[in-house]
Amino acid sequence: MAERTLHTPLTDLPGVGPARARALDKLGLSTVADLLAYFPREYEDRTVREGIARLPADTPVCFAAVVAEPFRTSYIRKGMELTKGRIVDGTGQAAVTFFNQNYVRKALQPGQTYFFYGTLTGEGYRRSMVNPAFEREGAHQLTGGIFPVYPLTAGITNRFLTGLVRAGLACLPQVQETLGDDLRETYDLVSVEQAYGSIHFPASWEALTKARRRLMFEELFCLNLGLTLIRGRRGEQRACPFVRQDLEGFTSRLPFSLTPAQLRSVKEAAADLRRAVPMNRLLQGDVGSGKTVVAAACAYFAWQNGCQAALMAPTELLAQQHQRTMETLLAGTGLRVGLLVGSMTAAQKRDCRAALAAGALDLIVGTHALLSEGVSFRRLGLVITDEQHRFGVDQRAALAAKSGEKDRPHVLVMSATPIPRTLALMIYGDLDLSVIDQLPPGRTPVATYLIREDKRARLYAFVRKQVAQGRQVYIVCPAVDQEDPEGLKAAEQYGRQLQEEVFPDLRVGIVHGKQKARDKQGVMAAFAAGEVDVLVSTTVIEVGVDVPNASLMVVEDADRFGLSQLHQLRGRVGRGEHPSYCVLLSDNRNELTRKRLKTLASTTDGFAIAEEDLKLRGPGDFFGARQHGLPQLKLASLEGDMRLLHQAQAAAQEVLARDPNLIWEEHAPLRRRVEQLFRENRDIFN
């Protein structure tokens, strides 16, 4: 039998046949290396304790006891049988029941000592437990220490996977060390062999803590190395420098003055645009902070330097709004603005593509249609994407590749989702960061209220009052078209109920993600045109809807949304001259949940809200989905391990200061680890 290596297929391990191999593949496990890198999701303390009578109730415990009598099976009904017996020790006894496990009659022999792991109920001599794990004294495969609990799938039990991992640990000496001796000594990190051994089967909680710290440090360290290397590669690319920048020629035509934050962001972008290296800048600002003005200034600089600009938005409605806004902001400059979206006729698209290719359009605003075949530019110098978290890096790169030039276009990406600065730099590590942290004067503040279900009648009366005054209302639901078992509001059914029973005299529209794009677009356009009084929706209206006449946002089951998402929804109102309101409906009485929602009611500062949201929910929930650009980290928590993150950043800077491209032989394992990180996050790094 050949010696096992990290590359050995799991099918070569005992017990892994075709069916289990397919199940393991669903977990991403095909080799021993995959197995070792598959970390437990939690741990069970199966350290042996003493005294049945003294053990706590309703808490998993491990203890030794003697089987006092033969276990007997009784048949309750078809498919249901109970096997019962009694165990004792020097302090007391317990009745033990197994459901549909009659094999224990032979497995548990009277007079023999076994270790049991499970939850005891009752007190004194009336203690009992159901379906405990057990093994004969001295075995210590299921008891006697800290045991891992892994994420599983159908056909794979934790006991089986634990056995596989034990078999795979024989290959631990083959795992290459990526962190040098000096680095480990400086930051007090255990070796990779110790770390992998203890992450799976820790000898103590202290050993587990040290293993997790080592592996988290390595993740953050390699991530920082990767992001720094990306920035270095950018310096090798060339772009058209925008040396002509008549900012006064742009701002003098505006009917308002730029805020200091807008002016600072324009100047930061302008400095990038003067260079022959492509700008890669994230423009982050709260709802209504005026990011579009900064984008318009950059497009103006592109036009001044004989280049075209493209602005890509996630929805047709938002693209159309951007086109109108850009035409207004750039009026009188001579810059020609066009629109390209999927709903245009074939002839309109053909004319638009021809104008772009000929250079007859200076700024094109569009949706994913800009990525379609046949779209080309005479000289694309600037790419702008709005709501960056709605696009992947590949889409951003695909639009940039349409320049048709050796030079790469400058890139500006915008996001209205406030992200704490440290996290933003990690997620968008290939981008420089500009923040618009103040709102323009005159922005209507939105009064926010948290109410319970018993105030619903008053809420409906307030909705009627707003409509009677000529205003419009959003009502957002967490579900789409079926009632949740917990009774969550679903947009489809609730919208019909409001139309038929509550507001039969009002114009109620329904919109959600499962509708056809044309139908969804039609309802949203009707609301924007004032033809719908109350729009019942899911979070599809989170971005891309700008209706100044809308004055009330109602969020049903508000506790089911993140604070940042609620803040985005609130930003749909207060966009006109009318007093505006946001009402959060929740009957959840959990103290932390109420505190979280009251945070939103007490402040309109999106960045303060984002910080609180990050603390409470973590970055995974903060962004909601993998495609939003969050690096795939197995153990490290970007919001929870800030001290370790800063140490990893410092260590990465030290290494790259000595070896900027990781070409030294001693850094070969580290370079391979960084390359692996790049492969695992292809949708983030390009």
Side-chain angles (χ1 to χ4, degrees), residues 1-47 60 62 79-81 83 98-104 107 114-119 129-136 139-172 174-175 192-193 195-203 208 211-212 215-216 219 620 625-626 632-636 676 679-681:
M1 180 177 173
E3 182 182 353
R4 289 177 189 151
T5 70
L6 293 173
H7 304 293
T8 296
L10 296 184
T11 49
D12 287 358
L13 270 57
V16 183
R20 277 180 169 160
R22 288 191 295 271
L24 289 167
D25 190 60
K26 289 181 181 178
L27 297 175
L29 305 177
S30 59
T31 68
V32 170
D34 297 333
L35 200 60
L36 294 180
Y38 194 67
F39 301 143
R41 60 179 172 82
E42 61 181 351
Y43 299 85
E44 293 178 343
D45 186 353
R46 298 190 179 188
T47 306
C62 184
M80 172 65 73
E81 57 187 31
T83 302
F98 293 90
F99 287 88
N100 295 331
Q101 299 180 48
N102 63 14
Y103 71 90
V104 302
Y114 297 85
F115 288 112
F116 295 87
Y117 175 76
T119 300
M129 62 194 316
V130 176
N131 289 347
F134 65 89
E135 63 186 352
R136 191 180 291 274
H140 283 325
Q141 290 188 341
L142 300 176
T143 60
I146 301 168
F147 277 71
V149 179
Y150 296 92
L152 303 172
T153 189
I156 301 296
T157 66
N158 195 70
R159 184 170 184 172
F160 173 74
L161 193 55
T162 299
L164 276 189
V165 174
R166 285 189 189 278
L169 289 181
C171 297
L172 260 187
Q174 300 173 31
V175 178
V192 68
E193 189 170 343
Y196 273 98
S198 293
I199 199 74
H200 289 290
F201 299 104
L208 175 60
R212 286 180 57 82
L215 294 171
M216 288 191 296
E219 281 188 318
R626 179 74 182 92
Q632 187 78 0
L633 300 176
K634 293 180 179 178
L635 288 175
Q676 178 188 352
R679 288 194 299 272
E680 292 172 352
N681 294 275

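The first residue in the sequence is number 1, and the count goes up from there. Basis for what follows: all heavy atoms, side chains included, without hydrogens, waters or symmetry-related copies.
- Counting heavy atoms from C-beta on, the side chains of F39 and V165 never come closer than 4.5 Å.
- With contacts defined as side-chain heavy-atom distances shorter than 4.5 Å, the pair T31/L10 does not qualify.
- Between P14 and F160 the shortest heavy-atom distance is O-CE1, 4.4 Å.
- Two residues are said to be in side-chain contact when any heavy atoms from C-beta on lie closer than 4.5 Å; V32 and L13 meet this criterion.
- Atom CG of D25 and atom CG of L29 lie 8.5 Å apart (nearest 0.5 Å).
- When all heavy atoms are compared, the tightest approach of A154 to A23 is O-CB, 3.6 Å.
- Residues Y117 and P60 come closest through the heavy atom pair OH-CB, 3.2 Å.
- The CZ atom of F147 lies 10.5 Å from the CG atom of D45; values are rounded to the nearest 0.5 Å.
- The neighbour count for R166 CZ, taken as heavy atoms of other residues, nucleotides or ligands under 6.0 Å away, is above 12.
- Considering only heavy atoms from C-beta on, L152 stays 4.5 Å or farther from T157 through its side chain.
- Proximity of F201 to Y43: side-chain heavy atoms (C-beta onward) are nowhere separated by under 4.5 Å.
- How far CG of N131 is from CD of Q101: 4.5 Å, rounded to the nearest 0.5 Å.
- Taking the six-membered ring for Trp and thresholds of 30 and 60 degrees, Y38 and Y150 have nearly parallel ring planes, at less than 30 degrees apart.
- Atom-to-atom distance recorded for L164:CG and R20:CZ is 8.0 Å, nearest 0.5 angstrom.
- In this structure, the side chain of Q174 engages the main chain of R4 through a donor-acceptor pair within 3.5 Å.
- In this structure, H200 contributes its side chain and P148 its backbone to no donor-acceptor pair below 3.5 Å.
- For I146 against P202, the heavy-atom pair with the smallest separation is CG2-CG, 3.7 Å.
- Taking OG1 of T11 as the start and CZ of R22 as the end, the distance is 12.5 Å to the nearest 0.5 Å.
- Contact check for Y196 versus L169: no side-chain heavy atoms found under the 4.5 Å cut-off.
- The distance from the CG atom of D34 to the CG atom of L24 is 10.0 Å, given to the nearest 0.5 Å.
- Considering only heavy atoms from C-beta on, M129 stays 4.5 Å or farther from T119 through its side chain.
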